[in-house]
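Since the structure comes first, as structure tokens, the remarks are kept for the end.
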Number of protein chains: 2
Amino acid sequence: MKEDQKIPNPVVRRLGLYYRCLNKLYDEGIEYVASKDIASRLGIKSSQIRKDLSYFGEFGKRGVGYNVENLIKKLETIIGVDKNWNVIIIGAGNIGSALVNYPGLKKEKFNIIGVFDADRSKVGKKIGKLTIQHISQLHEFAKKNIIEIAVIAVPENAAQMVTEELEKLGIKGIVNFAPVKLRTNIPVEEVDITLSFKTLAFKIGREGSR
Amino acid sequence: MKEDQKIPNPVVRRLGLYYRCLNKLYDEGIEYVASKDIASRLGIKSSQIRKDLSYFGEFGKRGVGYNVENLIKKLETIIGVDKNWNVIIIGAGNIGSALVNYPGLKKEKFNIIGVFDADRSKVGKKIGKLTIQHISQLHEFAKKNIIEIAVIAVPENAAQMVTEELEKLGIKGIVNFAPVKLRTNIPVEEVDITLSFKTLAFKIGREGSR
DNA sequence: CAATAATTGTGAACTTAGTCACAATTATTA
DNA sequence: TAATAATTGTGACTAAGTTCACAATTATTG
């Protein structure tokens, strides 16, 4: 294991994949698994998995493989999904609303505790169990609740302003659905849906010529 | 320019970013732009942009920069967003519904022409202008319409089956929101929302220790 | 028109990420 | 218990991706 090192981004993303895969194996009642098996399920090389895990420790048993339950627990701690995360959503449009109702997040311990919008006509309406609040109430809300993660699901032109507001409130991380590069020092994860469609369009266009 | 080459994935994704950035510049009325300016807006190196573009040709003028309007058109052709794409959505849950109403897609010429679900209680209901159809009607629908892209927004356990169905119908590309690795030869773009949250959680956890 | 300034396009150098290959370890079988 | 088979963890190697640095080009200024 390499101590105290910067972990490459691709490794971090794959940790999530491993976690997902191991949970499936667990549900299938499998107790021990070899890196080779995980690899074939995920369509990657087994050495990749072993190397990725080696950033964090030695979790396997030579000649045997990994204990599924144990490795899940280890990954939970490494990734940080052994705890609950409080999440707020800024922007109650299509994407914001979909996220509030999306069961996947709650299942992974990302609890949405508030939804905010600048549009006063939306304020007071309910999405699932949550009532849409006006963005001006955010500051007050932040005093009463610990907010760790914020989702930006506002139009592009409002995204930077929202980011700066969130920074002031001491939010620890942002998931950004707006198609802009945010200028901030907080960790940001970009989820750009139309960008994915464009990437796909490009690939389709190249399919023939390969 | 390097002819007939495989284009690295990161390059493809950045093309989309450049396209987005150039459109903003165009809206701001800027006629010529230097790679340095685009770079600073996107938080990357200018040499990166120049090298990326060099895969496809020489679009700039030395000492001057790039003509914004011209480069937009070039990128449109390269990416493939100079044409309209017909898209169907499989799965009328939170995410599927959000996408139907999401204006960003239509704006980028990805036209959603059908929504399908396996749940008969949803069939007949409307999302925006579209009526949810039962998945069994997909085959018939595909005979009457050209479908190029399908979005998989069904639960994990149904995703692989749907994929195989789509493959049979000759769909050209898939945007996959289900948290599984799809086994297929069709180009797939993964959009894994909870994976993004997990990656963010990991980064937040490391913030202090850097 | 010569000198200056700006900026591209790209080969070379460098950095990061991924794969190989094998000693070390564990379990199983004869 | 010795031989065999499976599988990890990792250093060395290979590949992929990024940045540097500079000749080539264009526009502008005196």
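Values below: all heavy atoms of this structure, side chains included; hydrogens, waters and symmetry mates excluded.
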Does a side-chain N or O from A/Tyr55 land closer than 4.0 Å to OP1 or OP2 of C/dG18, or not? no

Looking at every heavy atom in both A/Asn70 and A/Asn67, which two are closest together, and how far apart are they? N-OD1, 2.7 Å

Are the side chain of A/Gln133 and the backbone N or O of A/Phe116 linked by a donor-acceptor pair below 3.5 Å? no

Residue A/Glu31 excluded, over 12 heavy atoms near CD under 6.0 Å: no

The residue, A/Val11 or B/Gly60, whose nearest nucleotide of DNA chain C is more 5′ is B/Gly60

Look at the side-chain N and O atoms of A/Tyr66 and state whether any lies under 4.0 Å from the OP1 or OP2 oxygen of D/dA6. no

Please tabulate, one pair per line, each protein N/O and nucleotide N/O from nucleotides 19-22 of chain D that are separated by under 3.5 Å, including the distance.
unit_1	atom_1	unit_2	atom_2	d
D/dT19	OP2	B/Gln48	OE1	3.3
D/dT19	O4	B/Lys51	NZ	3.3
D/dA21	N6	B/Arg50	NH2	3.4

Between D/dT7 atom P and A/Leu53 atom CG, what is the distance in whole Å? 16 Å

Residues of residues 18-41 of chain B with a heavy atom under 4.0 Å from any atom of DNA chain D, listed by number, are none

Write down the distance between NZ (A/Lys6) and C1' (C/dT15), rounded to a whole number of angstrom. 12 Å

Could you tell me the separation between the CG atom of A/Asp52 and the C1' atom of C/dG18, rounded to a whole number of Å? 9 Å

Over how many whole Å does the gap from A/Glu58 atom CD to D/dT10 atom C1' extend? 9 Å

What are the two closest heavy atoms between B/Ala159 and B/Val180, and how far apart are they? CB-CG2, 3.6 Å

Within the side chain of A/Asn101, is there an N or O that forms a donor-acceptor pair under 3.5 Å with the backbone of B/Asn94? no

Could you check how far CD1 of A/Ile7 sits from C1' of C/dT16, rounded to whole Å? 14 Å

Does OH belonging to B/Tyr26 count more than 12 external heavy atoms closer than 6.0 Å? no

Sub-3.5 Å pairs of nitrogen or oxygen atoms, protein against nucleotides 23-27 of chain C:
unit_1	atom_1	unit_2	atom_2	d
C/dA24	O4'	A/Arg62	NH1	3.4
C/dA24	N3	A/Arg62	NH1	3.2
C/dT26	O4'	A/Arg62	O	3.1

Side-chain donor/acceptor of B/Ser97 to backbone N/O of B/Ala92, under 3.5 Å: yes

Give the rounded distance in Å between these two atoms: CD1 of A/Ile49 and P of D/dG9. 12 Å

Heavy-atom pair of closest approach, residues A/Ile78 and B/Phe202: O-CD1, 3.3 Å

Tell me, which pairs form a salt bridge (charged side-chain N to carboxylate O under 4.0 Å, His left out) where one or both residues lie in residues 174-189 of chain A, sequence neighbours left out? A/Arg13-A/Glu189, A/Glu189-B/Lys203

Salt-bridge criterion met for A/Arg20 and B/Glu190 (N-O under 4.0 Å): no

Of all pairs that satisfy salt bridge (charged side-chain N to carboxylate O under 4.0 Å, His left out), the ones with a partner from residues 95-113 of chain B, not counting sequence neighbours: A/Lys198-B/Glu108

Axis bend over the full length of the helix from C/dC1-D/dG30 to C/dA30-D/dT1, computed from five pairs that close each end, to 10 degrees: 0°

Check: B/Asp119 main-chain N/O paired with B/Asp117 side-chain donor or acceptor under 3.5 Å: yes

Is the closest basic N to carboxylate O distance between A/Glu165 and A/Lys168 below 4.0 Å? yes

